Amino acid sequence: MRAAHGYAQQLLNALPEVPAYNHDKSAVSKLRTLALGRESHAIEQLIDRIDRSVVRPGLLPSHQGHLGYIPGGGIYASSLADYLAAVTNEYAGVRFVGPGSVEMEDLVLEWMAKLVGYPENADGNLASGGSIASLTAIVAAREAAGLRARDFERAVVYATPHIHQCVHKAIRVAGMGETVKRDVAVDDGFRLCTDSLSELVAEDRARGLRPWLVLGSAGTADTGAIDPLDRIADIAQREDLWFHVDAAYGGFFALLPEFRPALAGMERSDSVVLDPHKGMFLPYGTGAVLVRNRDALQDAHAYYASYLQDTVESEGGGRSPAAVSPELTKHFRALRVWLPLLLHGEEPFRACLREKLELAKYFQHEVKSLGFEVGPNLDLTVVTFRWIPESGSANAFNQALVEETHRDGRVFMSSTTVGGTFMLRMAALAFRTHLDTIDLAFEVLREAVDRLQAQPRWRLPAATSDHPGHG
Ligand SMILES: *Cc1c(COP(=O)(O)O)cnc(C)c1O
């Protein structure tokens, strides 16, 4: 315990000095020098191996300079909760054996349902992440519509091209890969266009198809765009569609009273997914699904087994998590949400989220004054941007630019392609990220652009003609 704790402290203390991203991954293969199960080793030797082969290579997700994808950071109180969850090995799948851990999961879900604005009789589940949470919701949507295999080819799903791939994956894993997918048009901020949605639904009805599911984003991973959820809810209600909101990234911004109008309509959805390992800064391993119609969730997931008969008969106190999700035995996830909320209260979470919104605004403003072109919207905390080189392909230049920043490693940013345009992304959501890290990102970017522009290949005439703007 002392060795593990000592290492954890040392790592956290070192974060300000070490790079966020280490391009050199050669130490990973050294893991294979320790044959599994043959000899016993000293804990110090093993922790040293973990440090060199696991923690150092690639990205340090706990780092203040994690500005890629959708960060979070991993708050310390949750890691202590995980420690206690593992030591006690509390059973969180069935109420009969783990009444307290299941009650705690209920409390956490009720807190989130209130945050979303769902009615009290909504139900939900704590899953391993947003992807499994999405799968849980999609299967409920399938059952609620009474769709059977023979119906799938006529059932229609509506989403913009910016909906997270995990929702399409969930539809396929749910056996519904043959459903009809419609690309709904987006506005110039990459938000769903409700006129386009209405038209597509009307066309599909005229064709004799069965409009089934509309997907909205409360923050896309590409650009942080928030779809007009309230207007989508109007259409979903009128057309009797299941309305699923992917709020994995943006959902917890509902903690900010001033941000709630931007998320209006989320409370009218049929299901919603939030990722506490993003917007609540938890260590990886928790995604939440909430479903308005609790029967739909149970119809989709409840099973009976004779070897669990005593758990069912003694239940009485309410459904078990196993009856509303694909999992039976699972990690006691509620504790890692519950402990920090009770230790700290909501206020520090609010302060952190507010700070990230400010940092994103600051980044967008400053990166523009450095001469970068910035993306059109700033709905949350993702800023897209790119450098327009004097000559040559802008897409190729910006791809080289993001790779150059990875070789630098002091901060870690990622990239995306929107409408055929390669854009860098800065995502401020790690709780350790503050103003000094954002300023460091400017230094990294300026130096990387200078190094690239000094290379002769960017002075050659354009090889390809990707046109500027966002397509
Ligand atoms: C991260 C993310 C997901 C997927 O969740 P995981 O926790 O990675 O499985 C879905 N949607 C959005 C918008 C996300 O940011």
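These numbers come from the heavy atoms of this one structure, side chains and all, not from hydrogens, waters or symmetry mates. Order of listing sets the numbers, starting from 1, for every ligand and every atom in it. The model shown is predicted, which means the values in this text are computed figures rather than measured ones.
Take Thr381 and apply the side-chain hydrogen bond (donor to acceptor under 3.5 Å, both in side chains) test, not counting sequence neighbours, and it matches Tyr249.
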Throw together a table of side-chain donor-acceptor distances under 3.5 angstrom for residues 57-70, partners on residues two or more places apart or in other chains.
| residue | atom | partner | partner atom | Å |
| --- | --- | --- | --- | --- |
| His63 | ND1 | Gly65 | N | 2.7 |
| His63 | NE2 | Leu15 | O | 3.1 |
| His63 | NE2 | Val18 | O | 2.7 |
| Gln64 | NE2 | Leu15 | O | 3.2 |
| His66 | ND1 | Gly68 | N | 3.3 |

Without placing hydrogens or testing angles, list every side-chain donor-acceptor pair under 3.5 Å for residues 155-169, not counting sequence neighbours.
| residue | atom | partner | partner atom | Å |
| --- | --- | --- | --- | --- |
| Tyr158 | OH | Asp204 | OD2 | 2.7 |
| Thr160 | OG1 | His162 | N | 3.0 |
| His162 | ND1 | Asp222 | OD2 | 2.8 |
| His164 | ND1 | Cys166 | N | 3.0 |

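Every protein residue with a heavy atom nearer than 4.0 Å to ligand 1 is included here: Ile70, Gly129, Gly130, Ser131, His164, Cys166, Gly219, Asp246, Ala248, Tyr249, Asp275, His277, Lys278.
In this pair, Phe349 and Phe281 present their aromatic rings parallel. The plane angle is below 30°, not in the 30 to 60° band.
With a 4.5 Å cut-off on side-chain heavy atoms, Val382 and Phe363 do not count as touching.
Remark: Arg292 is positioned above the aromatic ring of Tyr118, its terminal NZ or CZ atom under 6.0 angstrom from the ring centre and at most 45 degrees off the axis.
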